[in-house]
Each structure stands twice: as structure tokens, then as C-alpha cells.
Amino acid sequence: MTTSRRALLQAAAIAAAAPSLAPTPVQAQAWPTRPVSVIMPLQAGSASDIAVRILAEKMGETLGNRMVVENITGAAGLVGAERAARAAPDGYTLAALNNSILTILPNVQRRRLGFDPFADFLPIGGIATIPTFLGVHKDVPVQNVQELIALAKARNGEMTYASGGAGSPQHLATEMFMSMAGVKMVDVPYRGASAAAADLAAGHVQVMFIAHSLAIPFLDSGMVRLIGFAGPERNPLLPAIPTVAEQGVAGFDYSSWIALFAPKETPAPILARLRADCAAATADPALQERLARSGLAAWPRDPAAVVAVMREDDTRWKAVVQAADIRI
């Protein structure tokens, strides 16, 4: 055997014995070997933040490693979403994104987004819906939506509403409400919905589309009064409160939800594990009870259902934005 022939055979033997660098089922089963980060693009204490922290705690138990929620805020959630879209697809960085970030802001932003909601993220599963109500400070002399509309018209644009900043869910819901109801109010932006809710209760602003989870601390004291539900049907937790649409603003629907996503190209075995654990967590009665106590409702939706809702919302909001000429 020639020297060159012997060298080739030795090289082939070494290559055959070398471990493969491609992920194997065994390697996938070993994941995660360190904590998993979940990017939450909104402020700590917001309704979305509360929901994902409850889920992260439960999924951390089944994964065998912690899920750490990381609040990366800015531009109504776009900063954190863009960071998540650029993250390494290794299963160690996920994102909890709501419908405002995925289907509303892309339709109202003047600047080009740094991510594609449908192409850059892989859905893991639904987390929760975020019941949202139209609330007023206790000293605002209205008991229902029609009375608020009449007062806003009488005050000719002088009434104030609280929001978590330009492009926040509160801002967008109120813009849609004002367009459909034919009224004008002044936006008072805050650095997050929690601060906005606190100032509504303190009487520094008069009106706010407020998540139930943020309103709960102010309801028993009567500091905040809820006069309408923002969804298409009455909320089962507070069924006595009629929808905004029922009260004369036909077609009004600001439904809010949040889901868990992974960056595109996340390995299939890891994605399958995440999807199974997320589904099990959101179906757990104890987790559902924790969400309910926080003013939230579990939303156990599989990936296909999440994408279907995203597409429906995107289509609906395109029409709403065009009709109301909402731009930020």
C-alpha cells in the first residue's frame, strides 16, 4: 500500500470516529443546561408581564431549569421584539409578545420595523387573554359609555386619558374609540401602563382603557370605575359591565392576548419540547386560577391557532387603522 493510500485511509477512519457537530436527539434531550431567557418587551408589572411570569415559573419546573423574564422596553415593545428576532435560535432566548406588538403596531408605525411578525418568530403557544375595560376616575360624572361620549363632546377635547406611551395598547384602544365615537381627548403618556393606572386612580387623568389586572387594586376603594368592556362579548368575570359596542359604539373590539414565541430556525426537537410544556402549563388548573386571581384568563392555544388569530387580527387592524387614520 502506498503512503498516500495509507494516509487517506487513516484520515477516513479519524473522520468516521469523530463525533458529529450536528444536533442529535440526545443533545436535544439534554437541553436546557442553563436558564432560559424570556424577553418581555413591556414594563414590569404590566398585565402582559404578570401573565408571562406566572407561565415562566410553571414551565421552569417542568423544563428542569429556570425561565428568567427579562424586561427590554422601548418604543411600545418594538425594541424588545427586535432584540428577540435577532437572538440566537438555540432555545435559550424566547419572547412573550402581545397582539399590539405583532398585529397593531406593524400597521400604524411610520418607520420600517426591524422584524417580520410572521416570518421571524415561531409560535410556541398562547399564554393569556388580557381583559381590558374602559375606566374612569371616580370623580368623572359618568356611569356608562354614552355619558362619557356626551361629556367628552361637551368639553370639546379637554378631557384627558392615560396611556403607556405612543403605540401602547391604551393609546391604540383610545385612538380607535375616539375615531368610532366621534370624540377627542388629550393623551397623557406614561412610562408604562402601571404608572398610567396609578395616576388614573389618583385623579391626575380622567379616562383609561385599563387591563383588569391593573384595575383590581383600585376597584374595591372605588377610585376607578369600569364603565365598559373592550372585547366583543361581556367578560365572564364581570358580566354586569356591558361592552363598549353594546353601548352605542358599534363594532368596537379591542381584544388583547399574549403568546410565547421562539426565534425562527429554533431546532425542531427544542421547539417541540417547549410547545408541549407550554400546552401542559396553560391547561393546568392551578395556573389558570393564578391567572384569574390576577385579572387574566388562560389562553391555551396551539401554534396553528395562534397564527390564525394573528392573521385575523392583522387583517382587522389594517382596516381599523385606515378608517381611523391612526399613525404614530
Side-chain angles (χ1 to χ4, degrees), residues 19-42 48-72 77 80-99 101-102 115-130 257-291 294 296-311:
S20 172
L21 296 178
T24 66
V26 173
Q27 290 170 329
Q29 290 171 10
W31 174 92
T33 58
R34 65 177 190 270
V36 175
S37 174
V38 182
I39 292 177
M40 161 41 55
L42 303 174
S48 293
D49 179 75
I50 292 169
V52 72
R53 288 181 186 277
I54 291 173
L55 177 74
E57 181 179 331
K58 181 65 177 178
M59 286 186 65
E61 295 172 1
T62 56
L63 287 174
N65 221 314
R66 290 186 305 139
M67 293 187 79
V68 180
V69 178
E70 183 181 3
N71 297 91
I72 299 177
E82 290 174 1
R83 177 86 62 86
R86 296 193 299 267
D90 55 9
Y92 287 101
T93 302
L94 310 177
L97 305 173
N98 65 14
N99 59 311
I101 295 169
L102 292 167
F115 64 93
D116 183 320
F118 294 96
D120 289 338
F121 297 108
L122 297 171
I124 294 170
I127 300 175
T129 56
I130 304 169
W257 51 263
I258 184 167
L260 191 62
F261 294 83
K264 65 179 179 182
E265 299 181 1
T266 296
I270 292 175
L271 196 61
R273 172 85 183 277
L274 284 165
R275 287 171 169 171
D277 284 7
C278 182
T282 53
D284 181 67
L287 180 136
Q288 293 178 354
E289 175 60 25
R290 285 191 64 190
L291 288 171
S294 299
L296 303 162
W299 196 54
R301 296 294 187 275
D302 64 26
V306 171
V307 172
V309 171
M310 284 176 62
R311 295 199 182 282

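Annotation for Ala259 and Val306: closest pair CB-CG1, 4.2 Å, computed over non-hydrogen atoms. Looking at every heavy atom in both residues, Ala96 comes nearest to Val52 through CB-CG2, 3.4 Å. For Pro123 against Val307, the heavy-atom pair with the smallest separation is CG-CG2, 3.6 Å. In plain terms, the two heavy atoms of Ile39 and Arg83 that are nearest each other are CD1-CG, 3.8 Å. Pairing each heavy atom of Gln288 with each of Ala298, the nearest pair is CG-CB, 3.5 Å.
Not counting sequence neighbours, the partners of Asn99 by the side-chain hydrogen bond (donor to acceptor under 3.5 Å, both in side chains) test are Ser256. Shown here are the salt bridge (charged side-chain N to carboxylate O under 4.0 Å, His left out) partners of Glu70, two or more places apart in sequence or in another chain: there are none.
Note that CG of Leu260 and CZ of Arg275 are 10.5 Å apart. Values are rounded to the nearest 0.5 Å. Remark: Leu291 CG to Leu296 CG distance equals 5.5 Å, nearest 0.5 Å. To the nearest 0.5 Å, the span separating SG on Cys278 from CG on Leu94 amounts to 9.5 Å. To the nearest 0.5 angstrom, Ile258 atom CD1 is 9.0 Å from Leu55 atom CG. Distance OG/Ser294 to CZ/Arg53: 12.5 Å, rounded to 0.5 Å.
In this structure the side chain of Pro41 reaches within 4.5 angstrom of the side chain of Leu97, judged on heavy atoms. Between Asn71 and Leu42, every side-chain heavy-atom pair lies at or beyond the 4.5 Å cut-off. Side-chain contact between Arg290 and Glu57 is present, with at least one heavy-atom pair separated by less than 4.5 Å. You'll find the side chain of Pro35 stays beyond 4.5 Å of the side chain of Met67, heavy atoms only. The side-chain heavy atoms of Ser48 and Ile130, taken from C-beta on, include a pair separated by under 4.5 Å. In this structure, Met59 and Val38 have side chains that are not in contact, with every pair of non-hydrogen atoms separated by 4.5 Å or more. Between Asp120 and Pro263, the closest side-chain pair of non-hydrogen atoms is not below 4.5 Å. Annotation: side chain of Thr62 is in contact with side chain of Asp277 (closest heavy-atom distance under 4.5 Å).
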Exercise for review: Walk me through it: do Asp49 and Val69 pass the test side-chain contact (heavy atoms from CB on, under 4.5 Å)?
Suggested key: CA-CA 8 Å; Asp49 179 75; Val69 178; 4.0 Å; yes
Exercise for review: Evaluate the criterion side-chain contact (heavy atoms from CB on, under 4.5 Å) for residue pair Lys58 and Asp284; output intermediate values, then yes/no.
Suggested key: CA-CA 9 Å; Lys58 181 65 177 178; Asp284 181 67; 4.0 Å; yes
Point to revise | Step-by-step side-chain contact (heavy atoms from CB on, under 4.5 Å) determination, Leu102 to Phe118 | key: CA-CA 8 Å; Leu102 292 167; Phe118 294 96; over 6 Å; no
Practice item. Please report the C-alpha distance between Ile124 and Leu271 in whole Å, then the side-chain angles of each, then the deciding distance to 0.1 Å, and finally whether the side-chain contact (heavy atoms from CB on, under 4.5 Å) criterion is met. Key: CA-CA 7 Å; Ile124 294 170; Leu271 196 61; 4.2 Å; yes
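Here the side chain of Arg301 pairs no donor or acceptor atom with the backbone of Ile127 at under 3.5 angstrom. Remark: the backbone N or O of Trp31 is paired with a side-chain donor or acceptor of Arg273 at under 3.5 angstrom.
Taking the six-membered ring where tryptophan is involved, the planes of Phe121 and Phe115 are perpendicular, since the angle between them exceeds 60° and thus also 30°.
Side-chain contact annotation: Thr266 with Tyr92, donor-acceptor N/O pair under 3.5 Å absent.
In Arg66, the CZ atom is not crowded: 12 or fewer heavy atoms of neighbouring residues, nucleotides or ligands sit closer than 6.0 Å.
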